[in-house]
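Below, each value reflects all heavy atoms present in this structure, side chains not excepted, and no hydrogens, waters or symmetry copies. Computed from a predicted structure; not experimentally measured.
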Amino acid sequence: MTTSPNVAEVDDGELPKLEAIISALKCEQTGHIMEAILLYEESIFKLSQMADAEPSRRQLCGKYLKMYEARAKQLRDQVKGHLHTSRMLDHITIEQGARGRSYQRLFGPYLDDAVREAHLNEPHLTEPPHFRNLLNFFEVLVKNCRYLKYIRLTTRPDATAPKNQLQMLQQMQSDLAGGNIQMNFQMDDSLHDRKIVLSSGVVIKIGRGLHYFEPMEGSYSLGLCDFDFRKCLATEVDIWKCRPFARRLKDTQEGEDRPEAHGYSSD
């Protein structure tokens, strides 16, 4: 069994405190594996920058880099192990031209208080309809998951209008932060896989990703706000279940801080 670095190892007075590392340790203690991986990766990036900027600290940074890289790999392997033991919950075939297949209708039954983190792989986010789809998905996710704390989005960079893509994602990031939900996004030129991974252990794979709707016929057609009215493109949806990646709310131990609902919750 592997153990995570302790706080004493992190804060020995030689390196400035990295808040991401302290947060990563807390995430591990509460079972938030996916969030811990990101925080370790964030610290690895910052330490690499520090080593490049300050050659005198390169050896010291290298020591911690090896430690955090090893721990991040252990957690990634743990996630892979969860995924390998998954079982299929449902297979949905969406016919060409079908209606009534909004994100709420398809994913709503799997979005609940057990979801604390959501990781989304969506390669194509370049056109206005792509961003509208993403925004609607976030609305459904936030509305259904009262204790959602973290969203991680991975997409391909827009080679034609990168500034516009960045502006759109930063606007969503800012809006979510207003409800105490942290969203982080990263670019991956080689991304092809389309999936949604929830910390509750639900994995949703959609052949077309979020973009399985036909173009709207007019600017003010039915379906502008309620996606159940929209016609769909033909695609397949597979929904899998594995062990949760984060501790369930009811499993919070005595003495531990229970999570607070996000700022968009009506409760």
Side-chain angles (χ1 to χ4, degrees), residues 83 86-112 115 117-145 148 151-162 164-169 171-173 175-176 183 185-198 200-242:
L83 294 174
S86 60
R87 58 185 175 85
M88 182 175 284
L89 292 180
D90 200 2
H91 173 80
I92 302 168
T93 298
I94 299 178
E95 303 289 347
Q96 184 74 31
R99 300 182 191 268
R101 297 295 188 175
S102 65
Y103 303 135
Q104 176 63 44
R105 188 72 64 91
L106 282 184
F107 311 141
Y110 308 100
L111 303 176
D112 54 30
V115 178
E117 308 167 54
H119 288 216
L120 170 64
N121 284 8
E122 176 49 69
H124 303 295
L125 289 174
T126 57
E127 303 296 331
H130 295 167
F131 293 110
R132 285 194 289 269
N133 291 345
L134 178 64
L135 184 59
N136 185 266
F137 172 73
F138 282 165
E139 290 173 342
V140 171
L141 184 65
V142 171
K143 186 174 183 179
N144 285 274
C145 306
L148 182 68
I151 298 172
R152 182 180 185 182
L153 168 69
T154 304
T155 189
R156 287 183 187 174
D158 185 349
T160 304
N164 179 69
Q165 183 187 48
L166 181 62
Q167 183 180 9
M168 294 291 189
L169 295 178
Q171 177 63 59
M172 295 183 199
Q173 185 181 52
D175 287 346
L176 289 163
M183 172 197 166
F185 56 86
Q186 63 186 48
M187 303 297 171
D188 184 348
D189 290 296
S190 62
L191 183 67
H192 292 282
D193 194 21
R194 301 167 174 86
K195 66 181 178 181
I196 302 163
V197 181
L198 306 175
S200 57
V202 173
V203 179
I204 302 170
K205 298 183 179 182
I206 317 168
R208 293 181 180 271
L210 294 179
H211 313 313
Y212 57 85
F213 298 104
E214 291 186 8
M216 294 183 60
E217 296 178 0
S219 300
Y220 296 98
S221 301
L222 288 178
L224 177 64
C225 300
D226 187 341
F227 280 30
D228 271 327
F229 287 104
R230 293 196 176 192
K231 291 183 179 181
C232 296
L233 300 166
T235 193
E236 306 285 329
V237 181
D238 290 325
I239 301 174
W240 298 77
K241 182 71 169 71
C242 64

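- With hydrogens and angles ignored, the 3.5 Å screen pairs no side-chain donor or acceptor of S221 with any backbone N or O of M216.
- With sequence neighbours left out, Y212 forms a ring pair (Phe, Tyr, Trp, His ring centres under 6.0 Å) with Y103.
- Residue Q96 places its CD atom among more than 12 non-hydrogen atoms of other residues, nucleotides or ligands, all under 6.0 Å distant.
- With a 4.5 Å cut-off on side-chain heavy atoms, I239 and M88 do not count as touching.
- Judged by distance alone, the side chains of T126 and D158 never bring a donor and an acceptor atom under 3.5 Å apart.
- No side-chain donor-acceptor contact under 3.5 Å links R156 to the backbone of H124.
- The two atoms that bring D189 and P157 nearest to each other are OD1-CG, 3.0 Å, heavy atoms only.
- The shortest heavy-atom contact between F213 and S102 is CZ-CA, 4.3 Å.
- Formation of a donor-acceptor pair under 3.5 Å by the R208 side chain with backbone atoms of R194 is not found in this model.
- Judged purely by atom type and a 3.5 angstrom limit, E117 has no side-chain atom pairing as donor or acceptor with the backbone of I151.
- Residues V115 and L111 come closest through the heavy atom pair CG2-CA, 4.4 Å.
- We find the CD-NZ distance between E95 and K231 to be 14.5 Å, quoted to the nearest 0.5 Å.
- Looking only at distances, a side-chain donor or acceptor of E122 sits under 3.5 Å from a matching main-chain atom of L210.
- Side-chain N or O atoms of R230 include one that pairs as donor or acceptor with a backbone N or O of G223 at under 3.5 Å.
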Taking it one step at a time, do F138 and D175 satisfy side chain to side chain contact (heavy atoms under 4.5 Å, CB included)? CA-CA 11 Å; F138 282 165; D175 287 346; over 6 Å; no
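- Of the possible polar contacts, one joining the N144 side chain to the V140 backbone as a donor-acceptor pair under 3.5 Å is found.
- With no hydrogens or angles considered, a side-chain donor-acceptor pair links E236 and T93 at under 3.5 Å.
- When only modelled atom types and interatomic distance are considered, Q104 and D228 share no side-chain donor-acceptor pair under 3.5 Å.
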What verdict does the side chain to side chain contact (heavy atoms under 4.5 Å, CB included) test give for V203 and L198, after you've listed the backbone C-alpha separation in whole Å, the side-chain angles of each residue and the deciding distance to 0.1 Å? CA-CA 6 Å; V203 179; L198 306 175; over 6 Å; no
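- Between L134 and M172, the closest side-chain pair of non-hydrogen atoms falls below 4.5 Å.
- S86 places none of its side-chain heavy atoms less than 4.5 Å from the side chain of K241.
- The residue from H211, M187, M168 that alone fulfils the side-chain contact (heavy atoms from CB on, under 4.5 Å) condition with L125 is H211.
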